[in-house]
Amino acid sequence: MRVRRAGDAALLIETEAPHRLHAAVRELARPDVVDVVPGAGTVLVTTRPGTDLRYLGSLLGDLPLPEAYETGGEPLRVPVVYDGEDLDEVASITGLSSEEVIERHASGDYVVAYLGFAPGFGYLSGLDERLQVPRRDSPRTSVPSGSVAIAGPYGAIYPSSSPGGWRLLGRTTLKPWDPERDPPSLLRPGVRVRFDRVTR
């Protein structure tokens, strides 16, 4: 791990295991840590003003990491109608049938690795390797809210209507993001997710 200062009250830690480090820092429950935000290859640790960042950086740099980072409890069940515009294209790219694409996607165990791109947009790790296809060459100007999509090693649910280049497999009525709800996001790092195939 490489620990760097990020301003006067934060540390940016480069690591190959950001999700496990995120879980380990959360487990410490240090009063001087205000927030812990995992990314694809980093963890940002924000602290209270006046925190000894040199000491904290040394502590976190040597922190033992857990084997897994999933949160406990039942997985979040996401009902999906698999009628996405890119379903047949994904089948063509992967050499699978559309039905096989659906079966592989719906049988996966996913975990929210981190959030980004838009409020409530969770990057779901655990996507079947055969389904790891590149983004579209030309992004759509508007992807409907609730679209279930894949790109690279991740799965996702579009929490709101937005531009996007991920390949669409289906749609869900579940709202992963609702600003009127407390908390507004159903997804947070470590939450387990399962997709359930439904017909409508």
Side-chain angles (χ1 to χ4, degrees), residues 1-78 109-127 143 145-149 151-164 166 172 174-194:
M1 286 188 286
R2 180 181 179 196
V3 181
R4 296 188 296 172
R5 289 186 64 149
D8 295 333
L11 297 170
L12 184 67
I13 306 171
E14 298 175 358
T15 173
E16 295 180 358
H19 325 305
R20 293 165 57 204
L21 177 60
H22 168 260
V25 177
R26 289 278 187 190
E27 184 66 24
L28 278 180
R30 289 183 58 89
D32 51 356
V33 171
V34 175
D35 199 7
V36 187
V37 181
T42 59
V43 175
L44 180 67
V45 180
T46 306
T47 69
R48 297 187 187 286
T51 296
D52 185 342
L53 293 178
R54 180 174 300 211
Y55 169 75
L56 184 62
S58 177
L59 175 69
L60 299 183
D62 294 329
L63 195 61
L65 303 184
E67 290 298 318
Y69 63 95
E70 298 92 344
T71 60
E74 293 296 314
L76 176 67
R77 311 296 301 211
V78 180
D109 290 309
Y110 301 87
V111 177
V112 180
Y114 59 96
L115 301 176
F117 176 60
F121 191 100
Y123 287 74
L124 308 180
S125 63
L127 182 66
V143 176
S145 173
S147 293
V148 174
Y154 297 109
I157 308 163
Y158 277 80
S160 57
S161 179
S162 68
W166 292 42
T172 181
L174 185 76
K175 291 185 175 181
W177 172 261
D178 182 351
E180 301 300 320
R181 191 171 52 211
D182 184 20
S185 181
L186 296 177
L187 305 179
R188 61 185 182 281
V191 167
R192 299 162 55 219
V193 175
R194 295 295 304 269

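To the nearest 0.5 Å, atom CE of residue Met1 and atom OG1 of residue Thr42 are 13.0 Å apart.
Pairs passing the side-chain hydrogen bond (donor to acceptor under 3.5 Å, both in side chains) check and including a residue from residues 5-17, sequence neighbours excluded, read Arg4-Glu14. Evaluation of the salt bridge (Lys or Arg N to Asp or Glu O under 4.0 Å) test over residues 26-37, restricted to residues two or more places apart or in two chains, returns Arg26-Asp35, Arg30-Asp32. For residues 176-187, no pair satisfies salt bridge (Lys or Arg N to Asp or Glu O under 4.0 Å), with sequence neighbours left out.
The shortest non-hydrogen separation linking Gly7 to Leu53 is O-CD1, 4.3 Å. The nearest pair of heavy atoms linking Ala40 to Pro18 is O-CG, 3.5 Å. Residues Leu65 and Ala24 come closest through the heavy atom pair CD2-CB, 4.1 Å. Here the shortest heavy-atom pairing between Trp177 and Ser185 reads CE3-CB, 3.8 Å. Residues Pro189 and Ala113 approach most closely at CB-O, 4.0 Å, considering heavy atoms. Residues Trp166 and Ala151 approach most closely at CD2-CB, 3.4 Å, considering heavy atoms.
Here Tyr158 pairs with Phe121 under the ring-ring contact (aromatic ring centres under 6.0 Å, His included) rule; sequence neighbours left out. Checked against salt bridge (Lys or Arg N to Asp or Glu O under 4.0 Å), Arg48 has no partners two or more places apart in sequence or in another chain. The side chain to side chain donor-acceptor pair (under 3.5 Å) check on Arg194 picks up Asp109, with sequence neighbours excluded. Residues satisfying the side chain to side chain donor-acceptor pair (under 3.5 Å) criterion with Ser161, sequence neighbours excluded, are Ser142.
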task = Evaluate the criterion side chain to side chain contact (heavy atoms under 4.5 Å, CB included) for residue pair Val112 and Leu124; output intermediate values, then yes/no.
result = CA-CA 4 Å; Val112 180; Leu124 308 180; 3.6 Å; yes
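Residues Leu60 and Leu28 are in side-chain contact: their nearest non-hydrogen atoms beyond the backbone lie under 4.5 Å apart. Looking at heavy atoms from C-beta onward, Val193 lies in side-chain contact with Leu187 at the 4.5 angstrom threshold. With a 4.5 Å cut-off on side-chain heavy atoms, Ile13 and Val45 count as touching. Side chains of Val191 and Val111 form no contact here, defined as non-hydrogen atoms less than 4.5 Å apart.
Under the 30°/60° scheme for interplanar angles, the aromatic rings of Tyr114 and Tyr154 are found to stand perpendicular.
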